[in-house]
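Below is one structure, written out as structure tokens, with a few remarks after it.
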Amino acid sequence: MSERKSDQDLARADKLRRLIEAGVDPFPRRAPRTHAVSEVVASLSGAAPEDLEARRLRVTVNGRILSVRLMGKAVFFHISDGCSKLQVYLRAEAVGPEAFERFRLFDIGDIVSVSGEVFRTRTGELTVLASGLGLLAKCLHPLPEKWHGLQDVELRYRRRHLDLIMNPEAVRVFRLRSAIVAHIRRFFDERGYLEVETPMMHAVPGGALARPFVTHHNALDLDLYLRIAPELYLKRLVVGGLEKVYEINRNFRNEGIDAEHNPEFTMLEFYEAYADHEDMMALTEVLLVGLSRSLLGRDELAYGGETISLRPPFRRLKFRQAMAEGSGLPPAAVDDRAEVVKRGEAIAPEKRPLTYGKALDVLFDKLVKPGLVQPTFILNPPREVSPLAKAAEDNPNEAARFELMIAGMEIANAFSELTDPQEQRRRFEEQVRERQKGDDESHPIDLDYIQALEYGLPPTGGEGIGIDRLTMLLAGRTTIREVILFPLLRPKE
RNA sequence: GGGCCGUUAGCUCAGUGGUAGAGCACCGGCCUUUUAAGCCGGGUGUCGCUGGUUCGAGCCCAGCACGGCUCACCA
């Protein structure tokens with residue numbers, strides 16, 4: 001916060017001083033209430049004026065003042081509990097001249113306690129006729145403008161509290177996000193999965209192909225990496241006999257920031273012994289359509305001007321077919337390594353030289369992915385970029401894997417987990433050779449993980465779903481910053 | 001990191017090289033069922049920062065900061 005005070009800050013500071021002089025504690029400890037504002041609104045919104053008059057229901061409600069209409073010897077104002085708004089009618093006659101006069105020291109933004117009977121005004125609005133009014137917290141800055149709310153996106157992210165006070169739509173998104181996570185927990189708990197927590201700090205940053213953040217442990221004098229994925233730890237648990245596990249937690253990747261990427265993001269990963277990626281596909285369909293139906297009440301999403309149907313079954317498309325459809329590369333040419341590399345390098349000259357696998361990735365991301373709007377399982381991508389997946393049954397160069405694309409975004413990624421420790425060692429060594437060629441996103445070798453595999457990982461299906469992107473879809477938001485409460489911003493000043 | 005755009009009052013925004021504006025909010029006054037309450041009066045400002053051009057810069061130029069879009073990288 002800046003030290004410079006505006007005229008409005010000064011006026012509020014002066015009111016705070018006068019309140020204290022008058023013996024009011026502007027930040028009291030106790031705030032008993034009989035109802036939340038939203039409880040009063042929910043239970044009485046349908047009550048007729050005569051019913052209210054007959055019931056003479058007396059409530060004490062707490063909330064933040066959002067608007068004030070002062071009319072001489074009476075005031076109307078709205079308070080909010082962050083969920084609902086409720087009008088308060090303060091009359092000098094009812095509350096007493098002293099308390100009424102004290103209201104002059106109250107401001108929009110203050111958090112107050114109101115006691116009184118609930119009635120309906122002439123215009124039909126549910127209202128508390130105040131007989132008592134107390135201050136619960138003085139607000140020392142003016143709130144943003146009431147018509148437009150807080151528009152400045154930078155301020156909305158830097159001062160999310162103001163965004164939440166002023167913009168109901170922002171509140172809706174984060175409540176939805178919470179409901180999504182709660183639904184997912186229920187979904188997996190009901191199916192016998194165990195929720196676990198695995199390390200966020202890794203000695204070997206594995207489980208994905210990405211650059212990590214580095215940190216240091218002083219007592220052990222040890223460089224550690226913030227995890228890029230929990231995958232290898234979760235599979236150790238399956239080796240240990242926890243047959244169904246899931247984790248919902250943060251991953252950290254040292255990459256750029258854009259509409260679909262935040263350096264820390266929330267990932268759901270789940271693993272099930274004796275399942276494969278085909279089973280994961282079916283589970284994914286049930287999870288996604290269930291989320292939409294129970295949270296939005298429908299199985300279609302409006303997103304970025306498109307209507308997206310989550311009704312199963314989702315389209316299934318082999319990677320090579322998708323390439324043929326989207327990139328103009330004939331299906332046969334997908335196996336032509338030289339041709340694929342040539343085309344990839346033509347599109348991304350700055351990344352030369354490309355391996356076959358990377359070139360396929362480039363072509364897919366550039367040409368195919370943007371066109372995949374309706375939910376589509378892209379099956380069997382190249383093995384080269386899937387070092388932790390089993391090979392596909394019908395082609396050793398393909399992975400037994402799928403990526404679920406929706407609205408041009410990768411929403412889920414799953415494979416039949418590679419369980420053969422010797423094959424895993426060869427794949428890691430392949431990755432080390434990529435690193436030596438300059439690929440700093442290749443997977444480092446993790447001998448401890450290989451040793452765990454040597455004890456026997458059962459055939460296992462595993463999947464990751466990005467919670468942020470899933471929330472974007474369900475909330476209809478097209479930037480990830482709209483679904484992360486505090487997205488990373490460069491500090492100001 | 002590159003390109004484009006933005007940054008003016010607490011907030012939302014106008015502003016055409018010549019005395020910084022509006023609405024909300026705020027301050028003073030009137031108003032006891034209002035609700036984008038109303039009426040009268042008041043502009044409260046480091047025009048993001050630093051330089052430059054000019055008789056004169058919110059406006060033109062350069063650099064910097066932060067943000068947005070986009071490209072690059074990634075999920």
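All chains are named by letter (A, B, ...) in the order of the sequence lines, taking the proteins before the strands, and each is independently numbered beginning at 1.
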Handout entry: side chain to side chain contact (heavy atoms under 4.5 Å, CB included) between F174(A) and L164(A), worked out
Key = CA-CA 9 Å; F174(A) 292 108; L164(A) 295 172; 4.1 Å; yes

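Base contact: L70(A) has a heavy atom under 4.0 Å from a base atom. Using a 4.0 Å heavy-atom criterion, one finds that E125(A) contacts the bases of the nucleic acid, with or without backbone contacts as well. Contact annotation for E93(A): base contact, defined as any heavy-atom pair under 4.0 Å involving a base atom. At the heavy-atom level, L155(A) lies under 4.0 Å from the strands shown only through sugar-phosphate atoms. Contacts of D258(A) with the nucleic acid, taken as non-hydrogen atoms under 4.0 Å apart, include base atoms. Within 4.0 Å of T479(A), counting heavy atoms only, lie sugar-phosphate atoms of the nucleic acid but no base atom. Contacts of D14(A) with the nucleic acid, taken as non-hydrogen atoms under 4.0 Å apart, are absent. Across all strands shown, G149(A) has heavy atoms under 4.0 Å from sugar-phosphate atoms exclusively, and none from any base. At the heavy-atom level, F119(A) lies under 4.0 Å from base atoms of the strands shown. Contact annotation for G256(A): base contact, defined as any heavy-atom pair under 4.0 Å involving a base atom.
Comparing the same atom, C1', in C11(B) and in G45(B) gives a spacing of 14 Å after rounding to whole Å. Taking atom P in both A9(B) and A20(B), one finds a spacing of 15 Å when rounded to whole Å. With C1' as the reference atom, C24(B) and U44(B) are 14 Å apart, rounded to whole Å. Nucleotides A65(B) and G28(B) are separated by 40 Å at their C1' atoms, to the nearest Å. Between A75(B) and G15(B), the distance separating the two C1' atoms is 44 Å to the nearest Å. Comparing U50(B) with C55(B), their C1' atoms are spaced 23 Å from each other, to the whole Å.
Within the structure, ring pair (Phe, Tyr, Trp, His ring centres under 6.0 Å) pairs that include any residue of residues 89-123 of chain A comprise F76(A)-Y89(A), F77(A)-F103(A), F103(A)-F106(A) (at least two apart or interchain). For the salt bridge (Lys or Arg N to Asp or Glu O under 4.0 Å) condition, the pairs that include at least one residue of residues 73-91 of chain A, sequence neighbours left out, are R91(A)-E93(A).
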Completion exercise
With sugar-phosphate taken as primed atoms, P, OP1 and OP2 and all else as base, the protein-contact string of nucleotides 22-29 of chain B at under 4.0 Å (heavy atoms; B, S, -) is -BBBSS-S

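For the atom pair CE (M472(A)) and CE (M409(A)), the distance works out to 4.5 Å, reported to the nearest 0.5 Å.
With sequence neighbours excluded, the residues satisfying side chain to side chain donor-acceptor pair (under 3.5 Å) with E145(A) are H148(A). Residues passing the side chain to side chain donor-acceptor pair (under 3.5 Å) test with D107(A) are K15(A), K138(A), sequence neighbours excluded. In this structure, E278(A) has no salt bridge (charged side-chain N to carboxylate O under 4.0 Å, His left out) partners at least two apart in sequence or on a different chain.
Applying the 4.0 Å criterion to OP1 and OP2 of G67(B), one finds that R158(A) has a side-chain N or O inside that range. Between R69(A) and A37(B), a side-chain N or O to OP1/OP2 separation shorter than 4.0 Å is present.
Picking from U32(B), A75(B), U34(B) the nucleotide with the shortest atom distance to the side chain of R253(A) gives A75(B). Comparing A75(B), G10(B), U32(B) by their closest approach to the side chain of S6(A) singles out G10(B).
Salt-bridge formation is detected for the pair E430(A)/R383(A): a Lys NZ or Arg NE/NH1/NH2 atom is positioned less than 4.0 Å from an Asp or Glu carboxylate oxygen.
Nucleotides of RNA chain B nearest to R490(A) and N413(A) differ in position, and the one nearer the 5' end is that of R490(A). Both L150(A) and L489(A) lie near RNA chain B, and the one whose nearest nucleotide falls closer to the 5' end is L150(A).
Between the P atom of A75(B) and the CD atom of E264(A) lies a distance of 17 Å, rounded to the nearest Å. When rounded to the nearest whole Å, the span between CG of D9(A) and C1' of A9(B) equals 12 Å.
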